[in-house]
Every structure is written in C-alpha cells, then in structure tokens.
*Asks:* 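The structure that follows is given in the form of structure tokens.
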Amino acid sequence: MATDPSPQIPMRASSKSSSNSIHPVDVETPPVRTPTPIIYREIKHFKKWIPWLVPAFVVANTVMFIITMYVNNCPKNSVSCVADFLGRFSFQPFKENPLLGPSSATLLKMGALHVKEVVDGDQGWRLITCNWLHGGVFHLLANMLSLLVIGIRLEREFGFIRIGLIYIISGFGGSLMSALFLQSNISVGASGALFGILGSMLSELITNWTIYANKVASFVTLLVIIAVNLAVGILPHVDNFAHIGGFLTGFLLGFVFLIRPQFGWVSQRYVPPGHSSSARPKFKKYQCILWAGSLILVIVGLSLGLVMLLRGVNANDHCSWCHYLSCVPTSRWSCNTEPAYCSVTKSTPFFILHFPLFMF
C-alpha cells in the first residue's frame, strides 16, 4: 500500500463552532545542516602532468639546427647558396642538400653518427648527439611536428621523467642499430627517439590492456600507423635501421616505465581526504612478467650491441638479407650504400636521414 512520504505536521481544530477550518500548530523548524562537500584529490598514479619537456626538446632541436647553420656558413664554403639573403644561415645548393640544410661536412663536425669516428676515433658520444641534428628545414619540421603530436599526449599522462628516459634511451638504441648495419654513410635525425615513443605507446596499451575501452580498435590503429611508418623507411636515404632500433627499444621500455596498477583503478582515481592512496599498487601477473622480461632484454640488448659496435662488427656479415629492412631496390631507385661525394664535400660521405611519417 502506498504511503505518504511527506513529513507529519501537528494540526489543531478551532474551538469556534462557526468555523471548521484547521490550522497547523506553530512549531520551530530545526535548522537544516548543509553537508560538508567532499574534496577529491587526484592520486599519484593517475594525475595529469603539465607537459614541458617535449616542448623543450623541440626548442633544443631547433636551436641546434640554427647553430649548425651558423657553423655551416654557406657563403664562405660554397660557390652558390639557397636563400642568400640569410647570410651565413643560407642553405646548401639543392643538388647537394634538397632539404634546405647544411653540408654533410658540417653535420659530421657537429656530431653526426659515423661508424669510423665512433670505432676508430673513440667518439661514442656521436650515438647521442646525432639525435639532436637534422639534415634540413623539412627534416626538422617533420620530426618536431611528430614529436609534438605524440610526445605531449604521453607526457601529460605519464610525466616528464618517464617520457624523457624513453626518448633519450630509444634514440641511443636507434643509433646503435644504425651503426651496426649502415657503416658507410653518416646519419642524423631524431626519429629513432620518436619511433621509441611510438613503440612505448603500443606496449603501454598491451600492459594496461584491462583498463581501456575500445582497446581492439586502438590496437589495430597503432599497428597500421607503425606499419606505414616503417614502410616509408624502405626508401633510399632513409635510415630505417634507426627507426627499427628506436621502436624496439621504446617498445620494451614501455613495459618498464608505463605500467599502471590494475585493481580498483577506477575507484582509486579520486579518493576523499583521509582515505589512504599510498597503498602499494597491485599489478597483474602478466604485467610483472612483461616488466621483468623487458628490463632484462633492453639492458642485455643495448650492452651487447655496444660491445659489438666497439669491436668493429658489421652486422650485415651475419645477416645477408637485413639490408632490405632499410631499402628495397626498385626500377626507380637504387640502394647503393657506398659513400656518395659531391664537389664541395669531397672527403665526406653523404648523409642519410631518420625520417618519420606519423599519422594521427
């Protein structure tokens, strides 16, 4: 039977026989207590970060390119230059560098990757510095736009420390693989590090699989993007070994740095004051296995690759078909990896690029 949920108010009848009206008794209304609002705070594992490191990387790469063009000083070292009005910042002729950039001699001076200098000249630092150099304006724009698109999103989710480590270590891994397979030319570009970030996005999706919606669609989309970008690397003068090495390094590092707790993560995203959020995160067993296995693989892989490089090992001697991973010859182009010379830089081999084509 239905009941009336309204509060019961005491009633009284008038004593006058001429009136049958009923009036409520005057009673004091108790004060209404306004509930204290609960202030929620974001816990450490899921808080949003303000991205600043990725923009700083973009600025650093741009500054390095400006310094490289200053050192290049085309009017002094070349017969003709592109954009003469820029003075010493003008570009090398298109026949020498179609990307609006410096000469290969300048890039080598600034720290481009060249195996002979690394092995014979004890200049292992080139494995790092080459990631901060670019072959031209077009090369720089392509890499930096890609970095902004994929890097800011990850830094906002996981913070500058983890994304910074993935970027730098992946760049090193890409340079290492490039040096093991491409030993005739010099190599510059940041896309080994960029492919590392792309690889970490894939491993992050895998290791945190249970917390995502539309996970299958995201997984397929990422695979298509990765496949297209690696396919671009089979073009001549593109260092696909740096792409592959950076991607594999970043893929393993994603399992290590981008792991998130799984149990109760939705309810723990916002917790009321006084409720402890410092409890030890709980991970699924497969996450722990991936974390440990990836950490071992990345340490062993980078260490072994570095030892092989410093001993002068040419990886092509142990893999007769691997050169097709970086360039597939067709009737329209050749995959000749012998040093290419021009009239201005007769003693310096032509450079090849780390060139991504991310699509989001």
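Sequential numbering from 1 along the given sequence is applied to the chain's residues. Predicted model, so just to flag it, every value in this text is computed and none were measured.
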*Asks:* Report yes if the side chains of V188 and D239 come closer than 4.5 Å at any heavy-atom pair, otherwise no.
*Replies:*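 Not touching, per the 4.5 Å side-chain cut-off.
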*Asks:* Apply side chain to side chain contact (heavy atoms under 4.5 Å, CB included) to L176 and L302, showing your working.
*Replies:* CA-CA 8 Å; L176 195 56; L302 292 178; 4.2 Å; yes
*Asks:* Aromatic contact between F195 and H243, with the criterion being ring centroids under 6.0 Å apart: yes or no?
*Replies:* yes
*Asks:* Before giving the answer on side-chain hydrogen bond (donor to acceptor under 3.5 Å, both in side chains), spell out for Q287 and N208 the whole-Å C-alpha distance, their side-chain angles and the decisive distance to 0.1 Å.
*Replies:* CA-CA 8 Å; Q287 288 181 293; N208 299 322; 3.3 Å; yes
*Asks:* Is there a donor-acceptor contact under 3.5 Å from the side chain of R126 to the main chain of S175?
*Replies:*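 Not a single qualifying donor-acceptor pair exists.
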*Asks:* For residues C288 and F283, report the shortest heavy-atom separation together with the two atoms involved.
*Replies:* SG-CB, 4.0 Å
*Asks:* Between L198 and L194, does the side chain to side chain contact (heavy atoms under 4.5 Å, CB included) criterion hold? Intermediate values first, please.
*Replies:* CA-CA 6 Å; L198 187 62; L194 296 177; over 6 Å; no
*Asks:* Please tell me if the side chains of L223 and L202 come closer than 4.5 Å, counting only heavy atoms from C-beta onward.
*Replies:* yes
*Asks:* Using the rule given for side chain to side chain contact (heavy atoms under 4.5 Å, CB included), can you reason through N77 versus N72, listing the C-alpha separation, both sets of side-chain angles and the distance that settles it, and then say yes or no?
*Replies:* CA-CA 8 Å; N77 300 311; N72 186 65; 5.7 Å; no
*Asks:* To the nearest 0.5 Å, what is the distance between OH on Y212 and CG on N214?
*Replies:* 12.0 Å
*Asks:* Is the backbone of A242 close enough, under 3.5 Å, to the side chain of S178 for a donor and an acceptor to pair up by distance?
*Replies:* no
*Asks:* Within the side chain of W291, is there an N or O that forms a donor-acceptor pair under 3.5 Å with the backbone of V256?
*Replies:*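 Yes; judged by distance alone, with no hydrogens or angles, the pair exists.
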*Asks:* Taking C-beta and beyond as the side chain, do S170 and L253 meet within less than 4.5 Å on heavy atoms?
*Replies:* yes
*Asks:* Applying disulfide bond (SG atoms under 2.5 Å apart) as the test, list every pair that has at least one member in residues 65-99; sequence neighbours left out.
*Replies:*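 Checked against disulfide bond (SG atoms under 2.5 Å apart) - neighbours excluded - the pairs reaching residues 65-99 are C74-C81.
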*Asks:* Which pair of non-hydrogen atoms, one from V298 and one from L252, has the smallest distance, and what is that distance?
*Replies:* N-CD1, 4.0 Å
*Asks:* Taking 4.0 angstrom as the limit, do K48 and E155 come out as a salt bridge?
*Replies:* no
*Asks:* Find out whether I244 and L230 are in side-chain contact, i.e. whether some heavy atom of one side chain is under 4.5 Å from a heavy atom of the other.
*Replies:*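 Yes, close enough: below the 4.5 Å cut-off.
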*Asks:* Between Y167 and I197, is there a donor-acceptor pair closer than 3.5 Å when you use the side chain of the first and the backbone of the second?
*Replies:* no
*Asks:* When rounded to the nearest 0.5 angstrom, what is the spacing between CG in L141 and OG in S146?
*Replies:* 10.5 Å
*Asks:* For M69 and R88, what are the C-alpha separation, side-chain angles and deciding distance, and is it a side chain to side chain contact (heavy atoms under 4.5 Å, CB included)?
*Replies:* CA-CA 7 Å; M69 294 308 304; R88 68 182 297 154; over 6 Å; no
*Asks:* Hey, does the side chain of S203 reach the backbone of F251 with a donor-acceptor pair shorter than 3.5 angstrom?
*Replies:*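 Looks like yes, one N/O pair under 3.5 Å.
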*Asks:* To the nearest 0.5 angstrom, please state how far the CE atom of M110 sits from the NE2 atom of H134.
*Replies:*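 The NE2 atom of H134 is 13.0 Å from CE of M110, to the nearest 0.5 Å.
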*Asks:* Is the F57-W132 ring centre distance short of 6.0 angstrom?
*Replies:* yes
*Asks:* Looking at N97 and S103, would you say the former's side chain and the latter's main chain have a donor-acceptor pair under 3.5 Å?
*Replies:*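 It does not hold such a pair.
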*Asks:* Any chance you could pull the hydrophobic cluster mates of I296, using side-chain heavy atoms under 4.5 angstrom and chaining through other members?
*Replies:* V300
*Asks:* Considering all heavy atoms of both residues, which atom of L133 and which atom of T68 are nearest to each other, and what is their separation?
*Replies:* CD2-OG1, 3.8 Å
*Asks:* List the steps and the verdict of salt bridge (Lys or Arg N to Asp or Glu O under 4.0 Å) for E157 and R260.
*Replies:* CA-CA 11 Å; E157 290 291 328; R260 274 179 164 170; 3.1 Å; yes
*Asks:* For the pair N131 (side chain) and L127 (backbone), establish whether a donor and an acceptor sit closer than 3.5 Å, ignoring hydrogens and angles.
*Replies:*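 Looks like yes, one N/O pair under 3.5 Å.
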*Asks:* Under 3.5 Å, is there a donor-acceptor pair between the side chain of Q183 and the main chain of H114?
*Replies:* no
*Asks:* If two hydrophobic side chains count as joined below 4.5 Å and joins carry through other members, does I50 share a cluster with L147?
*Replies:* no
*Asks:* Please report the closest heavy-atom contact between V119 and L310, naming both atoms and the distance.
*Replies:* CG1-O, 4.1 Å
*Asks:* Nearest 0.5 Å, what's the CG-CG distance between L145 and L140?
*Replies:* 9.0 Å
*Asks:* Please tell me whether W52 and F160 form a close aromatic pair, meaning their ring centres lie under 6.0 Å apart.
*Replies:* yes
*Asks:* State, with a plain yes or no, whether a side-chain heavy atom of L154 is found less than 4.5 Å away from one of V54.
*Replies:* no
*Asks:* Answer yes or no: is there a side-chain heavy-atom contact under 4.5 Å between S303 and I299?
*Replies:*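 Touching, per the 4.5 Å side-chain cut-off.
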*Asks:* Does R162 reach the main-chain N or O of F158 with its side chain, forming a donor-acceptor pair under 3.5 Å?
*Replies:* yes
*Asks:* For the residue pair P51 and R156, what are the closest heavy atoms and their distance?
*Replies:* CG-NH2, 4.1 Å
*Asks:* Could you check whether the rings of Y70 and F89 sit parallel, tilted or perpendicular, using 30° and 60° as the cut-offs?
*Replies:*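 Tilted.
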*Asks:* Do N143 and N61 have side chains that approach each other closer than 4.5 Å (heavy atoms only, starting at C-beta)?
*Replies:* no
*Asks:* Spell out, as yes or no, whether a donor-acceptor pair under 3.5 Å connects the side chain of E96 to the backbone of P93.
*Replies:*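 Between the backbone of P93 and the side chain of E96 there is no qualifying donor-acceptor contact (under 3.5 Å).
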*Asks:* Treat each ILVMFWY residue as a node, draw an edge where side-chain heavy atoms are under 4.5 Å apart, and state whether F85 and V82 are in one component.
*Replies:* yes
*Asks:* Hey, does S326 have a side-chain heavy atom less than 4.5 Å from the side chain of L182?
*Replies:* yes
*Asks:* Please name the pair of heavy atoms, one in G135 and one in L107, separated by the smallest distance, quoted to 0.1 Å.
*Replies:*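 Distance-wise, the nearest heavy atoms are CA-CD1, 4.3 Å.
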*Asks:* Please determine whether residues V149 and W49 belong to a single hydrophobic cluster, defined as Ile, Leu, Val, Met, Phe, Trp and Tyr linked transitively by side-chain heavy-atom distances below 4.5 Å.
*Replies:*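 Yes.
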*Asks:* If you group Ile, Leu, Val, Met, Phe, Trp and Tyr by side-chain heavy-atom gaps below 4.5 Å, do L113 and W125 land in one group?
*Replies:* no
*Asks:* Are F138 and I66 connected in a single hydrophobic cluster, I mean Ile/Leu/Val/Met/Phe/Trp/Tyr linked by side-chain heavy atoms less than 4.5 Å apart?
*Replies:* yes
